[in-house]
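Only one structure is covered here, and it is reproduced in the block below.
Quick note on labels: first sequence line is chain A, next is B, and so on, each numbered from 1.
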Number of protein chains: 2
Amino acid sequence: MPRKVDHKLRREAFLAAAYRTIKKKGLEGVTFRAVAREAGFTTGALVHYVDSIDKLLVESSEYAARYVRDDMEAMEALPDRLESLRQVIYLSLPLDEERRGNWNFWMGFWERSVRNATVRKLTHTRYGEWLGRLEHLIRMAQEAGDLADDIDVKRATKTCVALVDGIAAQTLRSGYPLSADEQRKIMDDWIVAALRPTRPLSAERIERPRRPRSNGSHPREAELAKAV
Amino acid sequence: MPRKVDHKLRREAFLAAAYRTIKKKGLEGVTFRAVAREAGFTTGALVHYVDSIDKLLVESSEYAARYVRDDMEAMEALPDRLESLRQVIYLSLPLDEERRGNWNFWMGFWERSVRNATVRKLTHTRYGEWLGRLEHLIRMAQEAGDLADDIDVKRATKTCVALVDGIAAQTLRSGYPLSADEQRKIMDDWIVAALRPTRPLSAERIERPRRPRSNGSHPREAELAKAV
DNA sequence: ACCCTTTCGAAACAGGCGTATAATATAACA
DNA sequence: TGTTATATTATACGCCTGTTTCGAAAGGGT
């Protein structure tokens, strides 16, 4: 009965558009009108797929989190526990344009969560996930004998999260951005000084698997291409 | 000819009201109407003292920075270079309600600076000041022989700023706030592990001088009190 | 052929925003 | 006792927001 449109797919297109909008303009600039324009539709169409701005924010954050999680799980599967930890930390840093956008997105939630209960709840959930993931990794590395065994894992976790958050803030907001090398060096230094690994960190760089990520595209373009 | 009102004083009262509003509601909630209401006036009166919202933000940030700077300069005057550094770092942490308010204020600037050039410029200036102040302190401590002398001061400075920013973000936004003790322990651990002091950190607590700070008051109340 | 449901655009609504303007109150000076 | 400059309120304007409403287009089921 409907116009032949894959509901779920189009919905995703709107979430992707919301994500792109936030990356570009910050969370303050996310309006129904802006997201709809970014997606190539009008507000009416957008509202058809998502009820409220709050839900749009929540779902677009879940959309964004999926990819990050996938990358992280790949790194967690590495046999080397120490390297596994280090690579997951690297994945959380604002090293390249894509991840800086991700951080722009995330930092928007920091401010929005002051006044918006829905966003606040979501922010807390994501923090909980991230703290849990990191604590588990540190504990695994410790149990594998890769780290000194007198380390306070919980405090180390919080310190690491703080360091990463702070690097992101400084890189994206201070006007004195840290280069990718600098960011990695800071985290390596911290790992060595605070976690005291029982063996040196590997010197070679592990490249992140680069999945195709149709993120910059305009949903309407694909549609047009198919029509031709 | 004017109604006997100290222009400069009333202006300050509005800046204080702006500061209180931001502390409470975050920077997104700062509007002419909200600030005027907080001060006990109407928007017209506020506009009479400050031209635009941008300038209000800039000036209220300077208002806030004054007090912090005063405290820090007091600690910088300590004879013990190592303790001086440590106490200034402590002053920058969200340890108590007052400073958490301060951080709420500051983090508002992070988001606002994405879209607002005036706020962005100001944020960069403040970061520059803070980085410079901290770098100077670390260098002084190193030259006094209190720190290992093979430390990369610039990188240590950036790391310290990141750690403090991250502690603030985690404490105010994550839903898993760090206690005052935890914050101090994290920073002490970092000082020991990363800066490698040549003597142990002092165990006793130095209390911050508590100046009277008429910050919570309603400007209209003082006026009324004087009238009676 | 007709209906019925989904998709989408266009427009309108109330409310909040920054800002401008006019009117009123008030104190100091002539 | 006016006159005048300032402080303050009240109100209005235009813009943008989230959200709602209405209507047109489109295709499958009967």
Quick check on DNA chain C: between His7(A) and Asp51(B), whose nearest nucleotide comes earlier from the 5' end? His7(A)
Compare the minimum distances between each of dT8(D), dG9(C), dA20(C) and the side chain of Thr43(B), then state the nucleotide with the smallest one. dA20(C)
Looking at dA7(D), dC8(C), dT19(D), which one has an atom nearest to any side-chain atom of Arg10(B)? dA7(D)
May I ask you to test the Val68(A)-Leu91(A) pair for a side-chain heavy-atom distance under 4.5 Å? no
Taking the six-membered ring for Trp and the single ring otherwise, decide whether the centroids of Tyr176(A) and Tyr127(B) are under 6.0 Å apart. no
Is any side-chain nitrogen or oxygen of His48(A) closer than 4.0 Å to OP1 or OP2 of dT7(C)? yes
Taking the side chain as everything from C-beta on, heavy atoms only, tell me whether Phe105(A) gets closer than 4.5 Å to Ser60(A). yes
Please enumerate all protein N or O atoms sitting under 3.5 Å from an N or O of nucleotides 16-18 of chain C, with distances to 0.1 Å.
unit_1	atom_1	unit_2	atom_2	d
dG18(C)	OP2	Phe32(B)	N	3.0
dG18(C)	N7	Arg33(B)	NH1	2.8
dG18(C)	O6	Arg33(B)	NH2	3.0

Closer to the 5' end of DNA chain C via nearest nucleotide, is it Asp54(B) or Leu46(A)? Leu46(A)
Hey, does Asp189(B) have a side-chain heavy atom less than 4.5 Å from the side chain of Arg155(A)? yes
Could you tell me whether the phosphate oxygens of dT6(C), OP1 or OP2, come under 4.0 Å of any side-chain nitrogen or oxygen in Tyr49(A)? no
Looking at CG of Asp96(B) and CG of Asn102(B), how far apart are the two atoms once the value is rounded to the nearest 0.5 Å? 9.5 Å
Rounded off to whole Å, could you give me the NZ-to-C1' distance for the Lys25(A) and dT17(D) pair? 14 Å
Do other residues, nucleotides or ligands put more than 12 heavy atoms under 6.0 Å from the NE2 atom of His7(A)? yes
If I take atom CG in residue Leu9(A) and atom P in nucleotide dT7(C), what distance separates them, rounded to the nearest angstrom? 13 Å
Please give, in whole Å, the distance from dA25(C) P to Phe41(B) CZ? 17 Å
